[in-house]
Amino acid sequence: MIEEHERFRLSRRMLLGTTVVGGAVLWGGNTVARLMRGPSGAKDAGRVLDADGVTLALKPLDAQPTYDPSLPWLAKGGMLNDASGLSRTPVYGVIEVSSEEHVAQALAFARANGLKVSIAAVRHSMGGQAFDDNALVLDMRAFNAVTVDADAMAMTVQPGATWHDIQNLLHPRFAVKAMQSTDIFSVGGSLSVNAHGMDHQAGSVAGSIRSLKVMLANGSVTTCSRDENGDLFRHVVGGYGLFGVVLEATLDIVENTVYRTSREIIRSDDFPAFFADVLEPDRDTGLFYGHLSTAPGNLLEDMIVYRYDKVADEPPADQPPIGEPGAVGIKRLIMNMAKWGGLFQELKWFTEKTLEPRFEACTVARTEAMGEGEACLVTRNNPMHDSVPYLFNDLAGDTDILHEYYVPRAAYGAYIAEAREILRGQPLQLLNASIRVVHREDVALTYAPEPAFSLVLYINQPATDEGNRQMRALTRALIDATLKHRGRFFLPYQIHYTGAQLLASYPELPAFLARKKEIDPDELFTSTFYRALKALSGGKGNA
């Protein structure tokens, strides 16, 4: 009887243990699957309600104009959001632009019916830069033709074309001269923020523009460049779609150079000297990327420097198509686990330091003709062809927000030390941090009035009111530190700054807004972002 009772207790313990272990395995498997899963749709987590106390939402239109059936409507009414998922905005309607005539007809319809117009494509800006309440939105994604003039080393591009598609078209002979470090953005969007990327010699997109064809608010079409209608050019580039619709851009292209890849780990504090002594003087260093540690025990202290040094001007004739990112599920898992902080952030940094190089894709044959032995060789198009699919997930409860801050190069060390302490003393998880190099930018609303280093941060937050409050507090603290070191913050992201911070960072803003009123007197082109700029600079935010 006693033996039978003991067997029963043993069986019950085994059953309980098996249940616990099985449950843990099931939970772990489900959790891993969820963290590896790609997005099932665009995130839509509501709306940041105000900018420094100014309410962003507008009242609905008193009377809705009748929709013109001759226009190519994608949506009549409805909501739009951006990559943050925190800018849900009701719009009058969305027109699918695929020709210049569509733009002219849409602007005429808006003028005749008292509507405002916003310009959108992939909507990766994060603060209402591409739409507004009750606006007629021009969706430019289908307006995406690209033509290449090989003799002139130039391409003419419609604004809806993405850099990803452009690279596939240019490959294998040619490459883009200037773009962001990822290729998911549209040309029109990149022009509107004057984007910059991995080529520290080429600088921003502005430096690669030969000319722009622009439709103004009255429907007239003009061309502009640095030498022709230069004032309009300086306001359209980096002008956030507020001065006209770019119909096409003629841009420089370059040879699809072959690079030898290398990487080394340095101390973050040593970066300015490393750049001045090693990277900047070497004209063969074509691309550069500085990736900072986000591990709590090593926050912004170590940096992986990725270098791409030229070994040949042109690739071999038998180049395969550009490869897409690999191991997406694993990378997404590591990134999402890092949102739990602590050991998972340390694991991410360990992976980046030690495991990532083992999976590097070398896309050019290691030939003796190039004298490179066993070096890893790639063409320019390969590192610039990253659509970062691992950054997009199916986690509805959070979102990831970009920040970017620019400081004069001499201020780098003191600034990074202050940014490190700010990031350590707050609750949100820093997922990525990198360093870019920018030159002085001669556009009307410049983020770099002198040569600068930029700190790019990718930060996770809960998609809740409390998450927005935490992100707002962090943003303002980082802006204050940036201003202390005579720097500026980038404008395409969440509108969490104060009016005082905005004007301290962009003292040119009043002149920029005045010129906007001169070129577009009825303020036909608008956005939530534009209304916030006006309100925070002392203008009327609800006009």
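Between the side chains of Arg488 and Thr446, no donor-acceptor pair is found at a separation under 3.5 Å. Between the side chains of Ser225 and Asp227, no donor-acceptor pair is found at a separation under 3.5 Å. Judged by distance alone, the side chains of Ser454 and Tyr447 never bring a donor and an acceptor atom under 3.5 Å apart. In this model, no donor atom of one side chain and acceptor atom of the other lie less than 3.5 Å apart for Asp82 and Ser125. Using modelled atom types, one finds no donor on one side chain facing an acceptor on the other under 3.5 Å when comparing Asp133 with Thr89. If you check the side chains of Arg263 and Thr261, you find no donor sitting under 3.5 Å from an acceptor. Between the side chains of Gln180 and His196, no donor-acceptor pair of N or O atoms lies under 3.5 Å.
Side-chain atoms of Asn81 come within 3.5 Å of backbone atoms of Ser87 as a donor-acceptor pair (strictly under, hydrogens ignored). The closest donor-acceptor contact from the side chain of Asp199 to the backbone of Ala202 lies under 3.5 Å. For Asn256 (side chain) and Asn381 (main-chain N/O), a donor-acceptor pair under 3.5 Å exists by modelled atom type. Using modelled atom types, no side-chain atom of Asn113 and backbone atom of Leu115 make a donor-acceptor pair closer than 3.5 Å. Ser190 contributes a side-chain N or O that, together with a main-chain N or O of Ser186, makes up a donor-acceptor pair within less than 3.5 Å. Of the possible donor and acceptor atoms, one in the side chain of His439 sits under 3.5 Å from a partner among the backbone N and O of His200. When atom types are taken as modelled, the side chain of Arg141 and the backbone of Thr162 share no donor-acceptor pair closer than 3.5 angstrom. The main-chain N or O of Arg283 is found under 3.5 Å from a side-chain atom of Gln201 such that the two form a donor-acceptor pair. Asp139 places no side-chain N or O within donor-acceptor distance of the main-chain N or O of Ile95, the cut-off being under 3.5 Å. Within the 3.5 Å criterion, the main-chain N or O of Leu56 finds a donor-acceptor partner in the side chain of Arg531.
Residues Thr482 and Val407 meet the side-chain proximity criterion, which asks for heavy atoms closer than 4.5 Å. When side chains are defined from C-beta on, His102 counts as touching Pro72, because their heavy atoms get closer than 4.5 Å. For the pair Met215 and Leu107, the minimum side-chain heavy-atom distance is below 4.5 Å. Side-chain contact check for Ser211 versus Cys224: every heavy-atom pair is 4.5 Å or farther apart. Between Val443 and Val236 the shortest side-chain heavy-atom distance does not fall below 4.5 Å. Looking only at side-chain heavy atoms (C-beta outward), Phe185 and His164 stay at 4.5 Å or farther from each other. Within the 4.5 Å cutoff, the side chain of Val221 has heavy atoms near those of the Glu100 side chain. Using a 4.5 Å heavy-atom cutoff, the side chains of Ser84 and Gln494 are in contact.
Checked against side chain to side chain donor-acceptor pair (under 3.5 Å), Asp277 has no partners two or more places apart in sequence or in another chain. By the side chain to side chain donor-acceptor pair (under 3.5 Å) test, Arg210 pairs with Asp252, sequence neighbours left out.
Residues Arg409 and Glu280 are paired through a salt bridge, judged by an N-O separation under 4.0 Å between the basic side chain and the carboxylate. Salt bridge Lys534/Glu523: present, at least one basic N to carboxylate O contact under 4.0 Å. Note on Arg486 versus Glu450: salt bridge recorded, some NZ/NE/NH1/NH2 to OD/OE distance being below 4.0 Å. Comment: Asp522 does not engage Arg111 in a salt bridge, judged by the lack of any side-chain N to carboxylate O separation of less than 4.0 angstrom. A salt bridge is defined here as a Lys NZ or Arg NE, NH1 or NH2 lying under 4.0 Å from an Asp or Glu carboxylate O, and Asp282 with Arg307 meets this definition. Asp520 and Lys517 are not joined by a salt bridge, as no carboxylate oxygen comes within less than 4.0 angstrom of a charged side-chain nitrogen.
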Stepwise, does the side-chain hydrogen bond (donor to acceptor under 3.5 Å, both in side chains) test hold for Glu441 with Ser204?
CA-CA 8 Å; Glu441 293 297 332; Ser204 71; 2.8 Å; yes
Applying side chain to side chain contact (heavy atoms under 4.5 Å, CB included), run through Val254 and Phe174 and close with a yes or a no.
CA-CA 6 Å; Val254 295; Phe174 298 118; over 6 Å; no
Go through it in stages, so that I can follow the logic: the residues are Ser527 and Tyr240, the test is side chain to side chain contact (heavy atoms under 4.5 Å, CB included), and I'd like the CA-CA distance, side-chain angles, deciding distance and then a yes or no.
CA-CA 9 Å; Ser527 63; Tyr240 295 88; over 6 Å; no
Chi angles and distances behind the side chain to side chain contact (heavy atoms under 4.5 Å, CB included) call for Lys331, Val328
CA-CA 5 Å; Lys331 292 178 181 177; Val328 171; 5.9 Å; no
Walk me through it: do Lys116 and Asp132 pass the test salt bridge (charged side-chain N to carboxylate O under 4.0 Å, His left out)?
CA-CA 8 Å; Lys116 300 296 186 181; Asp132 196 12; over 6 Å; no
Side chain to side chain contact (heavy atoms under 4.5 Å, CB included) between Leu191 and Leu212, intermediate numbers included:
CA-CA 10 Å; Leu191 295 174; Leu212 301 176; 4.0 Å; yes
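Geometrically, Lys516 engages Tyr530 in a cation-pi contact defined by less than 6.0 Å to the ring centre and at most 45° from the axis. Stacking of Arg380 on the aromatic ring of Tyr259 is not recorded, the 6.0 Å distance cut-off and the 45° axial limit not both being met.
Note that CE of Met384 and CD of Gln167 are 6.0 Å apart. Values are rounded to the nearest 0.5 Å. From Ser118, atom OG reaches atom CG of Leu138 across 8.0 Å, with rounding to the nearest 0.5 Å. The CD1 atom of Ile166 lies 12.0 Å from the NE2 atom of His385; values are rounded to the nearest 0.5 Å. Atom CG in Leu509 sits 4.5 Å away from atom OG in Ser537 (nearest 0.5 Å). The structure places CG of Asp400 at 9.5 Å from CZ of Phe392, a figure rounded to the nearest 0.5 Å. Atom CD in Glu404 sits 8.5 Å away from atom CG in Leu455 (nearest 0.5 Å).
Using cut-offs of 30° and 60° for the angle between ring planes, the Phe453 and Phe275 rings count as perpendicular. Between Phe243 and Phe512, the two ring planes are perpendicular [angle over 60°; tilted spans 30° to 60°]. The aromatic rings of His291 and Tyr289 lie parallel to each other, their planes meeting at an angle below 30°, with 60° marking the opposite boundary.
Separation of the Phe288 and Phe271 ring centroids falls under the 6.0 Å cut-off. Between Trp73 and Tyr67, the distance from one ring center to the other falls under 6.0 angstrom. Taking the six-membered ring for Trp, Phe489 and Tyr406 have ring centres at least 6.0 Å apart.
Here the closest heavy-atom approach between residue Thr363 and residue Gln319 is recorded as O-NE2, 3.3 Å. Between Gly323 and Asn382, the closest heavy-atom pair is N-ND2, 4.3 Å. Taking all atoms of both residues into account, the shortest heavy-atom contact from Glu324 to Ser387 is OE1-OG, 4.4 Å. The two residues Ala206 and Arg226 come nearest to each other via the heavy atoms O-NH1, 2.8 Å.
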